Amino acid sequence: MSKTILKGGKVVDANASREADVLIMDGIISEVDNNLYVGDDVEVVNVAGLTVMPSFADLHVHLRDPGFLHKETLETGIRAAVNGGYTHIVAMANTKPIADNTEVIADVLARAQRLSLAEVYQAAAVSIGEKGEKAVDFRTLRSLTKFFSDDGKNVDSEEIFAEALRASKELDFLIMDHSEPETEMVLRNIELLEKNGGNLHFCHISKADSMMAIMNAKDKGLRVTVEVTPHHLLGYDNDYRVNPPLATKADVDFLIRAIKDGYVDCISTDHAPHTAEDKAAGAPGISGIEVAFPIINTVFSENGIKPEGLSRLMSKNPMIMMGVNSGLLQVGYEANLVIVDENADVVVDASKFVSMGKNTPFNGTKLKGKVIHTIKKGEFLK
Ligand code: NCD
């Protein structure tokens, strides 16, 4: 039996923050308490001055595999995620070929499993080829995934979106909606949800008006979830190309207000690696998974949002949405953990990214917070 104690650190999850040791036995959190007894058979990792938290879960990542291996591969993308403190990620379907069939999805899942690093869920497209003309075979694909998204493209057809919503209710899956134009489509899709029911998640919301519409829907009792990206909380009035575009300071302030008021379910990175050539040719996207923690740690602490709030949005809620018994520092849960230095001064340096995508508008930005270790089922991956 393997036993590890993370000794002398601060432990934080969505519920609480305190000083405590963490005992991991055979990949499971077995005790969280002060001054845990260290037997001969225990490996001790001194984490004094550091913070132990549940590892992060990202509902929105572009791994580019298959088809765009010059931008990222399954392996580089997953290693980048681990470097950022993530153990669980959902890969988007805008690969080549598009992940609209069982072959592509089963292949990605099998290769990810063989790498045996982070847990990868492969989203399926909502429409064949993300063309918006014909819905995918939800029933068949549901056996391989619980996430469906035409991310990168709006689903223009009301009929297909409504069909997807009804299927999401019947087959119990999540539709991850890329609304473009954002506010207009958020409003339309809330209306379609009211008429059809279903499980709807709004991706990368950037504007106050869109968030307001989602808050109103939640206040009315509609069951919707919403994610915000780190880059839309840090960047504004900046024309670096990303979908949706970086917004204004007023939008950012509103998003932060929405987070404080409990309306935002999770932080997702929308990690979108591109080559320098593709960026120069206008490709939208930011390579962000390795700086998500320092960005959110910085923005949240500057706005008086506690580490518990960060843990709720980066671990607890997305893990629940993935259906994983993780995301809290709770005895009996899988030991999927990060050890971070909340106070480390860091400067974003894309040349050091593990990701093949070095595309970020934040190079040189000073932030606070560093991921020191990423642990999956008790195993140190970083
Ligand atoms: C995404 C990508 O590169 O796959 N880019 C982005 O700016 N978010 C797709 C998209 O949403 O346009």
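Since the structure is predicted, the reported quantities are computational estimates derived from the model, not experimental observations. Read the numbers this way: they start at 1 and go in the same order the structure lists the ligands and their atoms.
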Give yes if a backbone or side-chain nitrogen or oxygen of A272 is under 3.5 Å from a nitrogen or oxygen of ligand 1, and no if not. no
Counting from 1, what ligand 1 atoms have a heavy atom of H274 closer than 4.0 Å? 3 (O)
Could you check whether R257 makes a cation-pi contact with Y263, meaning its NZ or CZ is under 6.0 Å from the centre of the six-membered ring and within 45° of the ring axis? no
With a 3.5 Å cut-off and no angle check, do the side chains of T225 and H201 form a donor-acceptor pair? yes
Can you tell me the protein heavy atom closest to atom 1 (C) of ligand 1 and the distance? H62 NE2, 3.8 Å
Any idea which protein heavy atom is nearest atom 8 (N) of ligand 1, and the distance to it? D270 OD2, 2.9 Å
Closest approach of any protein heavy atom to atom 10 (C) of ligand 1, naming residue and atom: G152 CA, 3.4 Å
Specify side chain, backbone, both or neither for N243, according to which of its non-hydrogen atoms lie closer than 4.0 Å to ligand 1. both
Which class fits the ring pair H373 and F380: parallel under 30°, tilted 30 to 60°, perpendicular over 60°? perpendicular
For T87 and E119, which I'm curious about, is there any donor-acceptor pair between the side chains at under 3.5 Å? no
State the atoms of ligand 1, each with its element, that fall below the 4.0 Å cut-off from a heavy-atom position in V242. 7 (O)
For the aromatic rings, using the six-membered ring if either is Trp, is the centroid distance between F173 and F147 under 6.0 Å? no
From the list E308, E19, E342, salt bridge (charged side-chain N to carboxylate O under 4.0 Å, His left out) with K10 holds only for E342
Which residue and atom name correspond to the protein heavy atom nearest atom 11 (O) of ligand 1, and how close is it? H178 CE1, 3.1 Å
Nearest protein heavy atom to atom 5 (N) of ligand 1, by residue and atom, and its distance? P284 O, 3.1 Å
D251 and T248: side chain donor to acceptor below 3.5 Å: yes
Mind checking whether N94 contacts ligand 1 via backbone (N, CA, C, O), side chain (CB onward), both or neither, at a 4.0 Å heavy-atom cut-off? side chain
Does H178 have its ring centroid less than 6.0 Å away from the ring centroid of H204? yes
Which is it for R241 and ligand 1 at heavy atoms under 4.0 Å: side chain, backbone, both or neither? neither
Counting heavy atoms under 4.0 Å, the part of M92 that contacts ligand 1 is neither
Using the rule side chain to side chain contact (heavy atoms under 4.5 Å, CB included), only one of R64, H60, Q122 pairs with M92; which is it? H60
May I ask you to identify the nearest protein heavy atom to atom 3 (O) of ligand 1, giving residue, atom name and distance to one decimal place in Å? R64 NH2, 2.8 Å
